[in-house]
Amino acid sequence: MKTLFSKIIDRELNANIIYEDESVIVIKDIHPKAPIHWLIIPKIPIPTFQDLQKEHFGYLLAMTEVIQKLAKEHSLEKGYRLVVNNGPDAGQSVFHLHIHLLAQRAHNHDF
Ligand code: 5GP
C-alpha cells in the first residue's frame, strides 16, 4: 500500500509544496509546530531512519543539499532544527522517512 507521502508525491493528495526535484519533495507540515515547519521527504518509501541502507545514501545526500539550499534561500542559516522521529516509540506516525525542518521560533525546545 502507498504511503501518505507517496500519494502526495503522485498528486493523489494535495499538499503545500515548497520544493521538488527528481529525488526529493519538501512540503509544509499540515500541523505546524513552528512558523516554518517543513517535511523533507525522499521519493522512495524507506519506512524509517533505521531502515536506511548504503544504496539509499544518494537520497540522504540529496535531502541534505536541499535543506542547505532552502535554508540559504529563506535566510535560515543562523538557526533551524532538524528532527527525525524513528519508530512508534518516538512518535513516528507516517512510515515514509522524512526530516522535519523547524525554524523561526525560540530555541527553548523540550526534547
Ligand atoms: P512523524 O510524526 O511521522 O514524525 O511526522 C509526520 C508529520 O506529518 C506530522 O508532523 C503531521 O502533522 C504531518 N502530516 C500528517 N498528515 C499530513 C498531510 O496529509 N499533509 C501534510 N502536509 N502533513 C501531514
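Counting convention: from 1, in listed order, for ligands and their atoms alike. Quick note: residue numbers are just sequence positions, from 1. If you're wondering where the values come from, they're calculated on a predicted model, not measured in any experiment.
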Response to the item:
for atom 23 (N) of ligand 1, nearest protein heavy atom and its distance come out as I30 N, 3.3 Å
Worksheet item: What about H37: any of its N or O atoms under 3.5 Å from an N or O on ligand 1?
Response: no
Worksheet, complete the sentence: re atom 12 (O) of ligand 1, the protein heavy-atom contact at minimum distance is D29 OD1, 2.5 Å
Worksheet item: Nearest heavy-atom pair of R11 and I25: which atoms, and what distance?
Response: NH1-CD1, 4.2 Å
Practice prompt. Could you list the atoms of ligand 1 found under 4.0 angstrom from a heavy atom of H31?
Written response: 12 (O)
Item to complete: May I ask you to check whether over 12 heavy atoms, not counting those of D10, lie within 6.0 Å of atom CG?
Response: yes
Worksheet entry | Under 3.5 Å: donor-acceptor pair, side chain of E20, backbone of I27 | no
Worksheet item: Taking non-hydrogen atoms only, is N16 closer than 4.0 angstrom to ligand 1 via side chain, backbone, both or neither?
Response: neither
Item to complete: Heavy-atom contacts with G91 under 4.0 Å: which atoms of ligand 1 show up? List them by number with element.
Response: 2 (O)
Discussion item. Could you identify the single nearest non-hydrogen protein atom to atom 2 (O) of ligand 1 and state the distance to 0.1 Å?
Written reply: S93 OG, 2.9 Å
Worksheet item: Does H74 have its ring centroid less than 6.0 Å away from the ring centroid of W38?
Response: yes
Worksheet entry | Residues E65 and K69 bridged, charged N to O under 4.0 Å | no
Worksheet item: Is it the case that more than 12 heavy atoms not belonging to Q50 sit under 6.0 Å from its CD atom?
Response: no
Discussion item. Please list the nearest protein heavy atom to atom 16 (N) of ligand 1 with its residue and the distance rounded to 0.1 Å.
Written reply: L4 CD2, 3.3 Å
Item to complete: Consider ligand 1: state whether an atom of it lies below 4.0 angstrom from any non-hydrogen atom of H98.
Response: yes
Worksheet item: Does ligand 1 have a heavy atom under 4.0 Å from the side chain of K28, from its backbone, from both, or from neither?
Response: backbone
Worksheet, complete the sentence: Note: L39, heavy atoms under 4.0 Å from ligand 1, region reported as side chain
Fill in: Residue portion contacting ligand 1 (non-hydrogen atoms closer than 4.0 Å) for I27
side chain
Worksheet item: Does Y19 OH have over 12 foreign heavy atoms under 6.0 Å away?
Response: yes
Practice prompt. Indicate the ring-plane relationship of H100 and H37, choosing parallel, tilted or perpendicular according to the 30° and 60° boundaries.
Written response: tilted
Fill in: Contact check: V94 vs ligand 1, nitrogen or oxygen atoms, below 3.5 angstrom
yes
Discussion item. Please report the interatomic distance OG(S23) to CG(L60), rounded to the nearest 0.5 Å.
Written reply: 11.0 Å
Worksheet entry | Any N or O of Q92 closer than 3.5 Å to N or O of ligand 1 | no
